[in-house]
*Asks:* 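Got a structure here, written out as structure tokens. Questions coming.
Here the structure is a predicted model, which is why all the values come from computation and not from measurement.
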Amino acid sequence: MTTPSGLLAWGQAGEYNAVDDRSVITALANTRNGVVIAAALSAGSGLVVNIASGWLAVANCGDGTCAVIGSRVAQSVTVPAGPSSGSLTSYIWADVNPDSALYTVNVITPAQAAGRSGVLLGTVIANAGNNTSASMTLTSAAPSFATVDGVNIATVETGGAAYLYATKSGMLYVESRNPPAAAGTLVCSLQDGLHRSAATATDGVSITPKWTIQQADMVAWSHYRLWTSGVGHAPNPAAAFWFDVSLNGVGFARVTFPSGTYPAGTTFNFWCEAHAQLDTGAVNAFVTIKVDLTAASLGSYTTVASIINQPIPKSASFMVVRTNLAQVTGGSADTWSSVFQRDGGQDPTAQITP
């Protein structure tokens, strides 16, 4: 069987125009690469796997540039049969050769993918005794090339996850797969189009994850904002309840709603907005929290609390919003969103008022 191949988009053999074209693609892609339109896989005869036309990807060329690749015609590859016991995983991988302006689609092992240029198009799992592709599990690589305008960032088709980072220089970038340690502070985790928690709360009262403030972000006047919202139920029987914001688990700016704020058992919407801003020494922070409650036909209830110069270590710290609603008889809080934002630094005019 002939190994599938094709020209790189904008590709030209040689050095001058080819590398210039790929540099343009790299700049427009902001160095990112991944699948744009998934390569649909289907079983062919014997051990053949068919790759439908229309797939598209941005591939890492291995030389500091990216290339756009894809196919307008159907292609096919041959995969290995299943082992005598256990299972065998194979990758359908698009390799690129920028000097010849070509890509080839090959079947490789997961170990061979480590550090390899190109892009993953799909996975094939063959169980013991599988000797036809029809008996194997074929999985197309999900679109993973996130775009800044929101296309293919966090949908079911992209695996339902994306991660937005902010750097201390004010730049934002998106990773559509959970990345390794990144040069920036994670400010938003998206799943299936909703803002979700980036970690699981473990103390029983937290309604947001412990959003981390990276040590590299510890510069004067850095400003952090954390939002969370959801639906709550007033305690029944009536009792006081609170929301608060914590920095590194110490010191709480707490907003308390007195007993009878709403009739017992009332359903209300809540919106919490917490702020922390480092002072010039980058070891203390002004902290404020504002909580809005709104119940249908009963109006709204808003209150604010603050702490000035809450000490925090000059290292990675975290910010979290909590409430005791679920610990008060008849009370509850059902959080659906959590968003963390980092603003500025080195700008005293941007400071918040405690």
*Asks:* Using every non-hydrogen atom in the two residues, find where V124 and M136 come nearest and quote the distance to one decimal.
*Replies:* CG1-SD, 3.7 Å
*Asks:* Under a 3.5 Å cutoff, is there a donor and acceptor pairing between the side chains of T267 and H233?
*Replies:* yes
*Asks:* Do you know the tightest heavy-atom contact between T123 and L41?
*Replies:* N-CD1, 4.4 Å
*Asks:* Is there any salt bridge (Lys or Arg N to Asp or Glu O under 4.0 Å) pair reaching into residues 233-248, and which pairs are they, with sequence neighbours excluded?
*Replies:* D244-R254, D244-R322
*Asks:* Check for a donor-acceptor pair, side chain of N106 on one end and backbone N or O of I108 on the other, with a separation under 3.5 Å.
*Replies:* no
*Asks:* If you measure from CG on L47 to OG1 on T78, what distance do you get to the nearest 0.5 Å?
*Replies:* 7.0 Å
*Asks:* Please, which pairs that meet salt bridge (Lys or Arg N to Asp or Glu O under 4.0 Å) have at least one residue in residues 263-278, sequence neighbours excluded?
*Replies:* R225-E273
*Asks:* Please check this pair: side chain of S140 against backbone of A39, looking for a donor-acceptor N/O pair closer than 3.5 Å.
*Replies:* yes
*Asks:* Identify, with sequence neighbours excluded, every residue that meets ring pair (Phe, Tyr, Trp, His ring centres under 6.0 Å) alongside W55.
*Replies:* Y103
*Asks:* According to side-chain hydrogen bond (donor to acceptor under 3.5 Å, both in side chains), who are the partners of S259, at least two apart in sequence or on a separate chain?
*Replies:* none
*Asks:* Please output the side-chain donor-acceptor pairs of residues 79-89 that fall under 3.5 Å, not counting sequence neighbours, one pair per line with the distance.
*Replies:*
none

*Asks:* In terms of the angle between their ring planes, are W271 and W227 parallel, tilted or perpendicular, with boundaries placed at 30° and 60°?
*Replies:* tilted
*Asks:* With a 3.5 Å distance limit and no angle check, can you tell me whether T323 reaches the backbone of W242 through a side-chain donor-acceptor pair?
*Replies:* yes
*Asks:* Can you list everything that forms a side chain to side chain contact (heavy atoms under 4.5 Å, CB included) with A295? Sequence neighbours excluded, please.
*Replies:* Y262, T266, F268, L298
*Asks:* Quick one: side chain to side chain contact (heavy atoms under 4.5 Å, CB included) partners of P237, sequence neighbours excluded?
*Replies:* T329
*Asks:* List for me each residue that meets side chain to side chain contact (heavy atoms under 4.5 Å, CB included) alongside N50, sequence neighbours excluded, and say none if there are none.
*Replies:* S42, V48, S76
*Asks:* Checking the side chain of Q327 only, and the main-chain atoms of N324 only, is there a donor and an acceptor separated by less than 3.5 Å?
*Replies:* no
*Asks:* Going by ring pair (Phe, Tyr, Trp, His ring centres under 6.0 Å), name the residues that satisfy it together with Y91, two or more places apart in sequence or in a different chain.
*Replies:* none
*Asks:* Considering residues at least two apart in sequence or located in another chain, which fulfil the side chain to side chain contact (heavy atoms under 4.5 Å, CB included) criterion with T294?
*Replies:* S300
*Asks:* Only counting residues at least two apart or in another chain, list the ones meeting side-chain hydrogen bond (donor to acceptor under 3.5 Å, both in side chains) with T302.
*Replies:* D292
*Asks:* CD1/I307 to CZ/F286 distance, rounded to the nearest 0.5 angstrom?
*Replies:* 12.5 Å
*Asks:* Using atom types as modelled and distance alone, determine if a side-chain donor or acceptor of N130 lies under 3.5 Å from a backbone N or O of T132.
*Replies:* no
*Asks:* What residues form a side-chain hydrogen bond (donor to acceptor under 3.5 Å, both in side chains) with N60, not counting sequence neighbours?
*Replies:* none
